Engineer: 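I have a structure here, written as structure tokens, and I will follow up with some questions on it.
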Amino acid sequence: MKQKFSVVIAGGGSTYTPEIILMLLDNLDKLPLRCIKLYDNDEDRQNKLAKACEIIVKEKDPDIEFVATTDPQTAYTDVDFCLAHIRVGQLPMREMDEKISLKHGVVGQETCGPGGIAYGMRSIAGVLENIDYMEKYSPNCWMLNYSNPAAIVAEATRRLRPNSRVINICDMPIGLENSYAQILGFKDRKEMDIRYFGLNHFGWYTSIKDKDGNELLPKLIEHQLKYGNCPENEAEGNYTDDSWMETARKVKDLVRLDPTTTPNSYLQYYLYGDDMVAHSDPNYTRANQVMDGREKRVFGECARIAEVGTAKDTTLEIGIHASFIVDLATALAFNTHERMLLIVENNGAIENFPDDAMVEIPCIVGKDSYEPLSIGKIPTFQKGLMEQQVAVEKLVVDAWIEHSYLKLWQALTLSKTVPSANVAKALLDDLIEANKGYWPELK
Ligand SMILES: NC(=O)c1ccc[n+]([C@@H]2O[C@H](COP(=O)([O-])OP(=O)(O)OC[C@H]3O[C@@H](n4cnc5c(N)ncnc54)[C@H](O)[C@@H]3O)[C@@H](O)[C@H]2O)c1
Ligand SMILES: O=P(O)(O)OC[C@H]1O[C@H](O[C@H]2[C@H](O)[C@@H](O)[C@@H](O)O[C@@H]2CO)[C@H](O)[C@@H](O)[C@@H]1O
Ligand SMILES: [Mn+2]
């Protein structure tokens, strides 16, 4: 009889919670469950979807215990996996991050540039708090952390919780590989063997092979030079909305910069910041789109399920990043040796890059452990970009630990998205004002 596991979803009020639960319930054969808990520090927000989630769970398997709580002890006692996707400050603070950046003529983005720096300064305390609860009440639990900005959170957990059972992950590569699979004519992204290196939201694919070992990267790049990550017929694209379709189109300009690799689409915010600002509406940013889109859709459907008392006709769908979580938890539980992109300490995997950098590279995941693959030397172009960006991420963690205005000013000044120390200082002073109560007081 396979062991049954208990999972807690930290950030239970997240718009992704229902789709993660649907994915977990769709994979009980791979990862049998005895308990699913939701934990959030905002009861009202979690209650917008808790009842619907309970109905979904009970209709699938009434033997699975369901708990929704704001009490850390209840949440974290007797759990094997914590799936963490918290957003400190919630979407209104994401909106502030994006709009303050654009006010200063700089890329306004959730995890990139000044928005990512501000978000990182908010997220560190929230993630550490959940790690500490986890270790207090379930010391053998693994935290599979999605909470963003994953790069800064990963650097903070490396420095401040070096021995914790935390793995930082990102679903962007999953989304990219789903697009590549469609372009290359595969049914599933797992029909491809990939090689990739970078930082989170800042990486490049260097090889995409089929199971016979044929290299397909040149064929993919030839397509991308014309259509980006969109299929030739854009209507067949698997993008959640226009904003993502726009992001996919822009890859066309990214691959021109180095047609020997294909980049994570997030690189557009760093390499084409001027185009990003020119195509942004400073009064209606991605945060507004998500509040008017995903948040309304998910919460509305959850309210409907709670009202009718059944989820049998639900429009809620399994999310792509949920599949990643199941693969990772299953690998850690059952030693499947799954090969996955994780955000891990470099330690020589990228030969010509600092050992103490948190890099996103392929790892083999087994029972209670993972092993990074060797990447070797990376080219000057990518190395130079990554060294600048990783220094920004390290300075943000320095600033958080030391409560240092200067270090955060240096981080903003060093970001490829910010044109000068003058703009960086004006951004910093606005962000300090907006983040009162979320950031440590800087001196
Ligand atoms: N790693 C990835 O690739 C990836 C993919 C998608 C989403 N995300 C991240 O997942 C998170 C959730 O996204 P969302 O749009 O659903 O956010 P959301 O605002 O809808 O939900 C986040 C929830 O976290 C809760 N929260 C905040 N601080 C908390 C704390 N200290 N303890 C417990 N709960 C806390 C909030 O109250 C809220 O209910 C975000 O950080 C987002 O950036 C990451
Ligand atoms: O702007 P959002 O909130 O819709 O998305 C921000 C997140 O974008 C990435 O996750 C994407 C995923 O990669 C994409 O394929 C699609 O499935 O949507 C996901 C979430 O919306 C990114 O990896 C995350 O870190 C961002 O938070
Ligand atoms: Mn991500």
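Only a predicted model underlies this, so the values are computations on that prediction, with no experimental measurement involved. Start at 1 and go down the list; that is how both ligands and their atoms are numbered. The analysis underlying the following values was restricted to heavy atoms, covering all of them including side chains, and did not include hydrogens, waters or symmetry mates.
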Engineer: Is it the side chain (CB and beyond), the backbone, both or neither of Met172 that lies under 4.0 Å from ligand 2, heavy atoms counted?
Structural biologist: both
Engineer: Going by the atom numbers of ligand 1, which of them fall below 4.0 Å from some non-hydrogen atom of Tyr39?
Structural biologist: 32 (N), 33 (C)
Engineer: Could you work out, for atom 33 (C) of ligand 1, the closest of Asn41, Leu91, Val88, Asn168 by heavy-atom distance?
Structural biologist: Asn41
Engineer: Heavy atoms only: which of Glu295, Arg87, Gln90, Arg45 is nearest to atom 20 (O) of ligand 1?
Structural biologist: Arg45
Engineer: Short list, please: which atoms of ligand 1 are under 4.0 Å from a heavy atom of Arg294?
Structural biologist: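 Going through ligand 1 atom by atom, the ones under 4.0 Å from Arg294 are 15 (O).
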Engineer: Going by the angle between their ring planes, with limits at 30° and 60°, are Tyr133 and Tyr137 parallel, tilted or perpendicular?
Structural biologist: parallel
Engineer: Do Glu393 and Arg158 meet the salt-bridge criterion of a basic N to acidic O distance under 4.0 Å?
Structural biologist: no
Engineer: Which ligand 1 atoms does Asp42 reach within 4.0 Å, using its non-hydrogen atoms?
Structural biologist: 37 (O)
Engineer: My understanding is that we take every heavy atom of each candidate and find the minimum distance to atom 14 (C) of ligand 2. Doing that for Phe324, Trp244, Tyr16, Tyr266, which one comes out nearest?
Structural biologist: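 Minimum heavy-atom distance to atom 14 (C) of ligand 2 goes to Trp244.
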Engineer: With only distance considered, is Thr15 within less than 3.5 Å of ligand 1 through an N or O on each side?
Structural biologist: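 By distance alone, the answer is yes.
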Engineer: Find out whether the Lys NZ or Arg CZ of Lys250 is both under 6.0 angstrom from the six-membered ring centre of Tyr272 and within 45° of the ring's axis.
Structural biologist: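 Judged by the rule (NZ or CZ under 6.0 Å from the ring centre, within 45° of its axis), Lys250 counts as positioned above Tyr272.
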Engineer: Where's the contact between Glu110 and ligand 1, heavy-atom distance under 4.0 Å: side chain, backbone, both or neither?
Structural biologist: side chain
Engineer: Taking only heavy atoms of Tyr16, which atoms of ligand 1 are found under 4.0 Å from at least one of them?
Structural biologist: 6 (C), 7 (C), 13 (O), 14 (P), 15 (O), 16 (O)
Engineer: Please compare Val290, Asp171, Asn264, Asn200 and report which has the shortest non-hydrogen distance to atom 23 (O) of ligand 2.
Structural biologist: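 Closest candidate by heavy-atom distance is Asp171.
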Engineer: Between Arg45 and Glu295, does any side-chain N to carboxylate O distance fall below 4.0 Å?
Structural biologist: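 So Arg45 pairs with Glu295 through a salt bridge.
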Engineer: Could an N or O of ligand 1 be found under 3.5 Å from any N or O of Ser14, whether backbone or side chain?
Structural biologist: yes
Engineer: Salt bridge check: are Glu135 and Arg161 linked by an N-O gap of less than 4.0 Å?
Structural biologist: no
Engineer: For ligand 1, note which part of Ala150 has a heavy atom under 4.0 Å away: side chain, backbone, both or neither.
Structural biologist: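 Neither; nothing of Ala150 gets under 4.0 Å from ligand 1.
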Engineer: Under 4.0 Å, heavy atoms only, figure out whether ligand 1 is touched by the backbone of Tyr119, its side chain, both or neither.
Structural biologist: side chain
Engineer: Please say whether Ile169 places an N or O atom under 3.5 Å from an N or O atom belonging to ligand 1.
Structural biologist: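 Looking only at distances, the answer is yes, because the N/O contact criterion of under 3.5 Å is met.
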Engineer: Looking at ligand 2, would Arg294 count as a contact under a 4.0 Å heavy-atom criterion?
Structural biologist: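 Right, Arg294 reaches ligand 2.
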Engineer: Closest by any non-hydrogen atom to atom 27 (O) of ligand 2: pick that one out of His201, Glu110, Glu19, His85.
Structural biologist: Glu110
Engineer: Considering Asp171, Thr111, Asn145, which one's heavy-atom position lies nearest to atom 5 (C) of ligand 1?
Structural biologist: Asp171
